[in-house]
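Everything on this sheet refers to the single structure shown next.
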2 protein chains.
Amino acid sequence: MRSNFVKPDMEDLILDATDRLLARYGYRKMTMDDLAAEVGIGKGTIYLHFRSKEDLIYALIDRVIRGVLERLQQILRSISSPAEKIREMIVLRVMYRFDSVQIFPESLSEMFRDLRSGVLQRREDYFKEEAKLFAAALKEGQRVGIFRPVDCSATANTMLAATNSLLPFHLSTHELGKRSDIERMVAQIADLLLYGLLQPGVKSKERRKLRRKRRQSA
Amino acid sequence: MRSNFVKPDMEDLILDATDRLLARYGYRKMTMDDLAAEVGIGKGTIYLHFRSKEDLIYALIDRVIRGVLERLQQILRSISSPAEKIREMIVLRVMYRFDSVQIFPESLSEMFRDLRSGVLQRREDYFKEEAKLFAAALKEGQRVGIFRPVDCSATANTMLAATNSLLPFHLSTHELGKRSDIERMVAQIADLLLYGLLQPGVKSKERRKLRRKRRQSA
DNA sequence: AATTGACTAAAATACTAATTTAGTCAACAG
DNA sequence: CTGTTGACTAAATTAGTATTTTAGTCAATT
């Protein structure tokens with residue numbers, strides 16, 4: 001809902017402040033008075049934008065996921081081959097989240113454990129949105145003949161499940177490990193999944209393309 | 001450490017009782033007096049076998065993982081093809097754990113959150129043990145020419161990471177979903193990973209073998 | 001019309017007393 | 001003599017009460 005104005009709107013200001021305070025204090029210790037002071041507004045103003053403290057957190061997470069989905073859509077629209085797109089999308093979905101929560105010392109799961117059921121439900125919803133985008137990339141790959149025929153929807157879900165353990169949700173980024181190790185691991189998963197999809201005749205060519213992509217990002 | 005006697009030894013009796021009480025009360029509510037009563041022994045006897053309440057939990061988890069590793073080793077020794085072995089191993093590592101913790105209403109992560117760092121450290125150690133077994137199966141597959149040349153150790157770690165999100169640790173079995181859906185999802189991940197490893201000329205034959213295996217387990 | 005902070009019900013914390021529990025080990029039973 | 005046990009105790013947790021804090025509201029203010 002960002003306006004076209006350069007200046008971020010009030011919701012983003014509040015969410016930015018929430019990020020900073022959560023990093024410092026965690027969910028329970030952060031008060032709405034703290035938040036109002038951090039933004040430089042009255043407490044009532046927060047409630048004009050967010051129904052409750054809990055809603056605020058959902059909005060914060062939504063914002064990160066919107067960022068993920070927008071980037072995934074950009075990749076989908078790019079001129080890369082479907083295999084390259086999928087590889088990029090897989091890496092993006094993990095590393096974007098990794099970078100977004102790196103400032104938190106504890107895991108999201110732990111920090112928001114009072115809101116566990118709500119957060120878990122939303123997470124399922126986000127996965128469904130992502131799966132659609134992955135299914136689209138898979139369909140394109142089949143159309144141009146580089147992927148073997150598979151159930152795109154099921155395979156999309158499979159790819160997400162295959163990388164979900166690296167998402168910084170149940171484990172904090174500190175518990176997960178070094179960013180570079182995570183990025184390498186997710187890329188390796190992506191490559192293995194992709195090799196499992198490529199039509200035999202296509203494999204070498206695409207493999208060289210993926211290899212070149214990998215060297216570029218090093 | 002189970003003896004060859006039919007009667008399970010004291011440690012197993014204590015651990016079995018721990019399972020039942022954890023399912024009923026959770027970690028915090030379960031007392032060592034409760035446990036002694038449930039086994040039908042004196043509290044001092046528990047401390048002859050386990051250093052502390054915390055150690056008891058580590059032993060309980062160790063026992064489950066020992067079961068996983070033993071089954072993985074059995075599969076490794078079987079006469080199945082390496083691809084079939086890996087598929088079975090992947091499914092086993094998820095479903096064995098799933099079945100072992102199904103009696104707990106909450107996730108292991110939540111139930112043992114007081115012991116988080118210890119439990120997470122052990123978990124990493126278990127993954128290393130498992131990775132060795134997977135690497136052995138990968139090596140065998142390369143030796144007989146059905147897998148393309150890959151770094152077996154790295155690929156083993158990749159395969160584990162690809163299925164870790166389905167382990168009933170951060171999410172309880174109830175939060176993960178229906179057993180049949182989990183089993184199907186892990187099998188799909190396994191298949192995709194395996195297709196990504198098979199040498200091109202080998203793929204069709206192995207695929208038919210895997211397909212037959214899948215029908216047998218339906 | 002948009003913002004705000006005083007207000008209040010509900011929640012959380014602090015304090016103190018009482019009770020419970022993990023872990024120990026001397027006494028007991030076989 | 002060896003293995004088991006539950007009385008014991010320091011530490012932890014819980015219960016009860018008082019105090020303080022906080023999420024959320026809304027009439028007053030800008």
Side-chain angles (χ1 to χ4, degrees), chain A residues 1-3 5 7-61 106 110-119, chain B residues 1-3 5 7-61 106 110-119:
Chain A
M1 280 72 180
R2 184 180 287 234
S3 76
F5 296 148
K7 197 167 155 201
D9 62 11
M10 182 61 75
E11 282 185 32
D12 275 337
L13 287 174
I14 294 173
L15 294 178
D16 291 344
T18 305
D19 244 354
R20 294 194 293 276
L21 294 184
L22 286 176
R24 228 183 292 167
Y25 305 130
Y27 177 65
R28 282 184 166 196
K29 280 285 193 188
M30 179 191 89
T31 71
M32 301 301 266
D33 275 285
D34 287 341
L35 182 56
E38 177 78 8
V39 186
I41 59 178
K43 189 166 58 177
T45 304
I46 299 180
Y47 289 95
L48 294 180
H49 296 275
F50 303 97
R51 208 175 317 150
S52 63
K53 191 180 185 187
E54 177 171 339
D55 228 55
L56 175 72
I57 299 307
Y58 293 149
L60 185 71
I61 300 174
E106 59 186 337
E110 176 61 24
M111 180 158 61
F112 303 132
R113 66 189 284 269
D114 296 342
L115 320 173
R116 186 179 173 89
S117 59
V119 170
Chain B
M1 278 75 178
R2 181 177 294 226
S3 77
F5 298 148
K7 197 170 155 201
D9 62 12
M10 182 61 75
E11 284 187 30
D12 275 339
L13 287 174
I14 294 171
L15 294 178
D16 290 345
T18 304
D19 245 355
R20 293 193 295 276
L21 295 183
L22 286 176
R24 228 182 293 164
Y25 306 130
Y27 176 67
R28 282 183 166 199
K29 281 285 195 190
M30 180 191 88
T31 72
M32 303 300 267
D33 274 286
D34 287 341
L35 181 56
E38 177 79 7
V39 185
I41 58 177
K43 189 165 59 173
T45 304
I46 298 180
Y47 287 97
L48 294 180
H49 296 275
F50 303 98
R51 208 175 318 148
S52 63
K53 190 179 186 187
E54 177 172 338
D55 229 52
L56 175 71
I57 299 307
Y58 293 149
L60 185 70
I61 300 175
E106 59 185 337
E110 176 61 23
M111 178 158 61
F112 303 131
R113 67 189 285 267
D114 296 340
L115 320 172
R116 185 179 173 89
S117 59
V119 169

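Letters go in sequence order (proteins before strands), and every chain restarts at 1. Only a predicted model underlies this, so the values are computations on that prediction, with no experimental measurement involved.
- The span of DNA chain C lying next to chain B, judged by atoms under 4.0 Å from heavy atoms, is bounded 5' to 3' by C:dT21 to C:dC25.
- Looking only at side-chain heavy atoms (C-beta outward), B:L56 and B:L35 come within less than 4.5 Å of each other.
- The shortest heavy-atom contact between B:H49 and B:T45 is CD2-O, 3.1 Å.
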Please tabulate, one pair per line, each protein N/O and nucleotide N/O from nucleotides 2-5 of chain D that are separated by under 3.5 Å, including the distance.
from, atom 1, to, atom 2, distance (Å)
D:dT5, OP2, B:G42, N, 2.9
D:dT5, OP2, B:T45, OG1, 2.5

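- In this structure the side chain of A:F50 never reaches within 4.5 angstrom of the side chain of A:L60, judged on heavy atoms.
- For residues 40-50 of chain A, the pairs satisfying salt bridge (charged side-chain N to carboxylate O under 4.0 Å, His left out) are A:D33-A:K43, with sequence neighbours left out.
- Annotation: side chain of A:L13 is not in contact with side chain of A:I41 (no heavy-atom distance under 4.5 Å).
- Between A:L115 and A:Y58 there is a side-chain heavy-atom pair separated by less than 4.5 Å.
- For the pair A:R24 and A:E38, the minimum side-chain heavy-atom distance is below 4.5 Å.
- In this structure, the helix from C:dA1-D:dT30 to C:dG30-D:dC1 shows an angle of 30° between the axis at its start and the axis at its end, each fitted on 5 base pairs and rounded to 10°.
- The stretch residues 21-30 of chain A has no heavy atom under 4.0 Å from DNA chain C, so no residue of it qualifies as close.
- From A:D19, atom CG reaches atom CG of A:D12 across 10.5 Å, with rounding to the nearest 0.5 Å.
- Closest approach of A:A17 to A:V39, counting heavy atoms only: CB-CG2, 3.5 Å.
- With sequence neighbours excluded, the residues forming a ring pair (Phe, Tyr, Trp, His ring centres under 6.0 Å) with B:Y27 are B:F112, listed by chain and number.
- When all heavy atoms of B:A36 and B:I46 are compared, the pair lying nearest together is N-CD1, 3.7 Å.
- Judged purely by atom type and a 3.5 angstrom limit, A:D34 uses its side chain to pair as donor or acceptor with the backbone of A:T31.
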